[in-house]
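In this text the structure is predicted, and so the values were computed from the model without any measurement.
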Amino acid sequence: MKIPLEFYRRSNPVEIARELIGKYLFTQIDGVLTGGRIVETEAYAHINDQACHSHLGRYTARTKVMYEPGGVAYTYLIYGRYVLFNIITNEAGKADAVLIRGLEPTDGIPEMLLRRGLSTVQRNLTAGPGLLTQALGITTAHYGTDLTADLIWMEDRSETVAFEDIIASPRVGIDYAGEDVSLPWRFRLKGSKWVSPAR
DNA sequence: CAGAAGATCTTCT
DNA sequence: GAAGATCTTCTGT
């Protein structure tokens, strides 16, 4: 079933990031269903986290949507080439987020191959935050999309993931974040080949 | 297989 | 004007 708003509006993004491992992310864009199982996430918190775009209450055109109540999409362009997809969590004004970094493709694989310009299913189809958005057709136009509607949403398919099968480690690409680089807020499904290659 | 470098453009200072 | 929650390609071993 589709994940309800209450799931996103809880106060601890780290817990939400961990619980999203094993859940499913889908898009239905141009009438085509694509999606897969989430195998890698990262948490970003509005307090005590220098890596978070909303750190210290920073409020700009880009971060504006982070201050909405949990359950909407935060998409943005990184390095001039890739779109990253986050879900906003917590209540209004508490700008937390979870970045989706890795997906095991399950639905709409032919369409995902087309969007990625690949002819065979391989790891770089959806293993990586900038790749899975391409495969799912997510763009910066989806900034603020309601995650309980029928364009982009997540599902709980009652697949339990054992706690010990989820690896926690430091987040990627945030060297600017001072001591917060070492927070173990990246979560990966143990043994999955669909986690991002980044260390 | 590892490491380096290049691509490319929005956002914030 | 600089840097960035990335990925691909190219080089050398």
Taking only Lys NZ, Arg NE, NH1 and NH2, and the carboxylate oxygens of Asp or Glu, determine whether [X] and [Y] approach each other closer than 4.0 Å.
{"X": "A/Glu6", "Y": "A/Arg10", "value": "no"}
{"X": "A/Glu155", "Y": "A/Arg157", "value": "yes"}
{"X": "A/Asp30", "Y": "A/Arg115", "value": "no"}

Judged by atom type as modelled, is there a donor-acceptor pair below 3.5 Å linking the side chain of A/Tyr143 to the main-chain atoms of A/Arg62?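 Such a contact is found between A/Tyr143 side chain and A/Arg62 backbone.
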Would you say the side-chain atoms of A/Thr27 pair up with the backbone N or O of A/Leu136, donor to acceptor, closer than 3.5 Å?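 A pair under 3.5 Å: yes.
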Starting from [atom2] on [N], measure out to [atom1] on [X] and report it in whole angstrom.
{"X": "A/Leu118", "N": "C/dT8", "atom1": "CG", "atom2": "C1'", "answer": "12 Å"}
{"X": "A/Met66", "N": "B/dC12", "atom1": "CE", "atom2": "P", "answer": "11 Å"}
{"X": "A/Tyr76", "N": "B/dC12", "atom1": "OH", "atom2": "P", "answer": "12 Å"}
{"X": "A/Asp175", "N": "C/dT6", "atom1": "CG", "atom2": "P", "answer": "10 Å"}
{"X": "A/Leu125", "N": "C/dT8", "atom1": "CG", "atom2": "C1'", "answer": "16 Å"}
{"X": "A/Ile88", "N": "C/dA5", "atom1": "CD1", "atom2": "C1'", "answer": "13 Å"}
{"X": "A/Tyr176", "N": "B/dC12", "atom1": "OH", "atom2": "P", "answer": "12 Å"}
{"X": "A/Leu77", "N": "B/dC12", "atom1": "CG", "atom2": "C1'", "answer": "15 Å"}

Quick one: which of [options] gets closest to the side chain of [X]?
{"X": "A/Tyr82", "options": "C/dT8, C/dA5, B/dT13", "answer": "C/dT8"}
{"X": "A/Leu131", "options": "C/dG4, B/dT11, C/dT8", "answer": "C/dT8"}
{"X": "A/Asn124", "options": "C/dT8, B/dT11, C/dA5", "answer": "C/dT8"}

So, do A/Tyr44 and C/dA5 meet the stacking rule of ring centres under 5.5 Å and planes under 30°?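 Per 5.5 Å and 30° rule: yes, stacked.
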Would the base of B/dA7 count as contacting A/Arg81 through its side chain, where contact means a donor and an acceptor less than 3.5 Å apart?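 Side chain to base: pair found, below 3.5 Å.
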Could you work out, with side chain to side chain donor-acceptor pair (under 3.5 Å) as the rule, every residue matching A/His53, not counting sequence neighbours? A/Tyr74
Need one value for A/Gly80: base, sugar-phosphate or nothing, where a base atom within 4.0 Å counts as base even if backbone is also close, heavy atoms only.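 Counting heavy atoms under 4.0 Å across all strands, the contact made by A/Gly80 includes a base.
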Less than 4.0 angstrom between a side-chain N/O of A/Arg116 and OP1 or OP2 of C/dT8, yes or no? yes
Is A/Arg101 near enough to C/dT6 that one of its side-chain N or O atoms lies under 4.0 angstrom from OP1 or OP2? yes
If you take all heavy atoms of A/Glu40 and A/Ser196, which pair is closest and at what distance? OE1-N, 2.5 Å
Would you write out the dot-bracket form of DNA chain C, 5' to 3', with Watson-Crick and G-U pairs under 3.5 Å, [ ] for crossing pairs, | for pairs to other strands and . for unpaired bases? ||||.|||||||.
